[in-house]
Amino acid sequence: MVLDNLGSSLRGTLDNLRGKSRISEEDIEDIVKEIQRSLLQADVDVALVQELSNNIKTRALEEDPPAGTTPRDWVLRIVYEELVELVGESTDLPLEEQTIMLAGLYGSGKTTTAAKMAWWFSTKGLRPAIIQTDTDRPGAYDQSKEMAERAEVDFYGDPDEDDPVKIARDGLEATEEADVRIVDTAGRDGLNEELIEQIERIEDEVQPDRDLLVLDAAMGQSAKSQAADFQEAIGIDGVVITKLDGTAKGGGALAAVDETDSTIAFLGSGETVKDIERFEPSGFISRLLGMGDLKQLTERVERAMQETGEDEDDWDPEQMLEGSFTLKDMRKQMETMNNMGPLDQVMDMIPGLGGGLMDQLPDDAMDVTQERMRDFDVIMDSMTEEELENPRIIGQERTERICAGSGKPEERVRELLEQHKQMSQMLKQFQGMGDGDMERMMKQMQQGEGGGMGGMGGMGPF
């Protein structure tokens with residue numbers, strides 16, 4: 001999860017209030033100090049940390065909580081609201097025809113971001129195109145073209161042309177049928193007059209509807225001055241923060257937006273074109289505090305189901321609730337989960353399963369789970385059609401043949417069969433359920449009854 005250390009620290013601090021019927025001023029002082037420490041470790045600017053902690057302290061001591069609200073839940077709400085206020089609103093990006101220009105320094109991730117944004121717009125039913133104008137960086141054209149192919153979007157660039165403005169002009173003509181045109185520009189080690197002059201010339205040519213600044217999360221507090229410099233030089237309408245998957249300093253980049261009049265448009269994590277999400281402050285902070293993010297989760301599920309269904313038109317997930325559950329069905333479920341993105345990110349979006357539960361798992365728990373799922377997929381490649389449809393026929397002789405074909409140990413094959421058996425039993429519990437029964441089960445899951453993941457019918461191995 002992005003800013004994982006910050007999130008686990010904040011959650012641990014708030015958990016100290018569990019079981020208390022009232023909060024003393026000393027409790028608030030301790031909480032505020034811990035929040036300050038957590039935010040400073042995440043590289044949030046000292047002045048912003050002080051302002052945020054003062055607001056939390058004042059509200060916690062002076063405001064009366066609603067009737068029936070526990071002290072922990074009340075402070076959690078205050079922290080949530082103040083953090084949402086800190087990160088600000090999301091950049092306005094209507095789903096309509098528009099031209100977007102990206103700016104940023106070397107290594108910020110502009111070229112990758114252009115492809116990720118193009119892919120995101122394509123999932124919303126729009127036709128995007130990337131125009132690559134970087135004539136300075138060796139390999140920029142090839143990288144951009146390859147990323148566009150991965151995103152399956154239109155692309156224009158000219159590796160033989162030295163004038164980025166001409167490339168931009170020709171690119172607009174070549175991509176005139178696109179709904180969203182994303183113009184990628186060159187970078188520098190620092191914002192200098194040459195870069196400013198080039199970006200201004202491109203901007204005059206393409207007349208973008210929005211200028212977005214791409215910031216590397218690893219920059220920490222230095223992102224603050226960079227954002228201010230770009231704002232003064234060319235003006236920015238929004239910020240894309242990249243590489244949030246591998247840094248504890250992302251708080252500095254997030255808070256840097258507070259220094260400008262801009263907002264955050266997207267968050268990038270990972271290397272694939274799908275590793276991007278629209279920034280939604282409420283959902284982002286909710287996930288950070290272990291409260292889940294059902295909106296983002298729903299979007300990922302719908303997208304994953306659509307992508308999985310495209311691979312095999314005759315597969316209907318609802319049939320699993322009506323008939324037998326085969327290994328083919330299990331494989332489709334695994335494909336759907338893979339299409340949703342890294343498992344730890346998905347877990348963080350589920351209320352009651354992310355946050356605190358993730359804090360209790362070993363650091364490599366999600367990696368081990370992903371590895372197990374990959375092994376299961378390889379094992380099923382070595383099975384016959386009959387075995388996939390009816391795994392109960394798999395005995396010792398068949399197991400040995402499957403192990404030889406897949407290169408996986410018998411133990412892993414038995415894990416797969418046991419996992420299938422447990423999931424099949426779980427699905428039988430849903431068969432014949434009425435809406436009222438289903439609603440009660442969902443409430444139990446959200447409230448943590450039934451032991452979290454263990455209460456989901458033996459999903460433990462996943």
Side-chain angles (χ1 to χ4, degrees), residues 90-106 108-137 139-159 161 164-187 195 198-216 230 234-243 262-268 271-279:
S90 180
T91 305
D92 181 32
L93 280 176
L95 298 178
E96 61 187 27
E97 290 189 13
Q98 58 188 300
T99 299
I100 300 172
M101 188 177 76
L102 301 183
L105 300 184
Y106 279 146
S108 60
K110 290 190 304 302
T111 300
T112 302
T113 295
K116 289 181 176 183
M117 286 176 53
W119 174 83
W120 183 87
F121 277 111
S122 72
T123 66
K124 303 302 177 182
L126 297 173
R127 180 178 177 178
I130 299 171
I131 301 174
Q132 174 57 255
T133 69
D134 186 353
T135 59
D136 299 329
R137 180 169 65 88
Y141 170 86
D142 292 332
Q143 180 194 5
S144 185
K145 183 178 180 181
E146 181 184 351
M147 292 295 295
E149 290 174 352
R150 292 183 193 174
E152 299 181 348
V153 299
D154 294 339
F155 170 80
Y156 180 83
D158 187 348
E161 176 58 58
V165 177
K166 186 177 187 306
I167 295 176
R169 183 187 309 121
D170 294 343
L172 291 178
E173 294 178 3
T175 61
E176 59 183 359
E177 294 184 2
D179 300 314
V180 180
R181 292 181 285 193
I182 301 172
V183 182
D184 186 14
T185 63
L195 179 59
Q198 184 179 115
I199 294 177
E200 287 178 341
R201 287 174 57 220
I202 296 174
E203 186 175 40
D204 289 341
E205 183 64 43
V206 303
Q207 293 294 303
D209 298 288
R210 286 163 188 83
D211 292 329
L212 299 185
L213 174 64
V214 182
L215 287 175
D216 182 344
F230 271 94
I234 61 173
I236 54 177
D237 302 301
V239 172
V240 180
I241 300 178
T242 65
K243 308 176 188 178
S262 62
T263 50
I264 302 174
F266 290 99
L267 301 176
E271 296 298 324
T272 76
V273 294
K274 298 180 182 180
D275 294 328
I276 187 172
E277 65 179 76
R278 186 81 165 89
F279 177 71

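If you read the sequence from its start, that first residue is 1, and numbering goes on from there.
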Q | Under 3.5 Å: donor-acceptor pair, side chain of Arg181, backbone of Leu172 | A | yes
Q: Using modelled atom types only, decide if a donor and an acceptor are shared between the side chain of Thr99 and the backbone of Asp209 within a distance under 3.5 Å.
A: no
Q. Given Thr111 and Arg137, is the side-chain hydrogen bond (donor to acceptor under 3.5 Å, both in side chains) satisfied, shown in steps?
A. CA-CA 11 Å; Thr111 300; Arg137 180 169 65 88; 3.1 Å; yes
Q) Run the salt bridge (Lys or Arg N to Asp or Glu O under 4.0 Å) check on Glu173 and Arg169 step by step: do they pass? A) CA-CA 7 Å; Glu173 294 178 3; Arg169 183 187 309 121; over 6 Å; no
Q | Student check: side-chain heavy atoms of Thr135 and Glu161 closer than 4.5 Å | A | no
Q. Between atom CD of Glu277 and atom CG of Asp275, what is the distance when rounded to the nearest 0.5 Å?
A. 10.0 Å
Q) Could you give the distance from CZ (Arg278) to CG (Leu93), rounded to the nearest 0.5 Å? A) 4.0 Å
Q: Would you confirm whether Thr133, through its side chain, and Ile167, through its main-chain N or O, come within 3.5 Å as a donor-acceptor pair?
A: no
Q.
Looking at Arg201 and Glu205, is there a salt bridge between them, counting it only when a charged N and a carboxylate O are closer than 4.0 Å?
A. no
Q. Are Gln132 and Lys145 close enough, and set up right, to give a side chain to side chain contact (heavy atoms under 4.5 Å, CB included), and what steps lead you there?
A. CA-CA 8 Å; Gln132 174 57 255; Lys145 183 178 180 181; over 6 Å; no
**Q.** Backbone N/O of Leu102 and side chain of Thr185: donor-acceptor pair under 3.5 Å
**A.** yes
**Q.** Sub-4.5 Å side-chain heavy-atom contact between Leu212 and Met117
**A.** yes
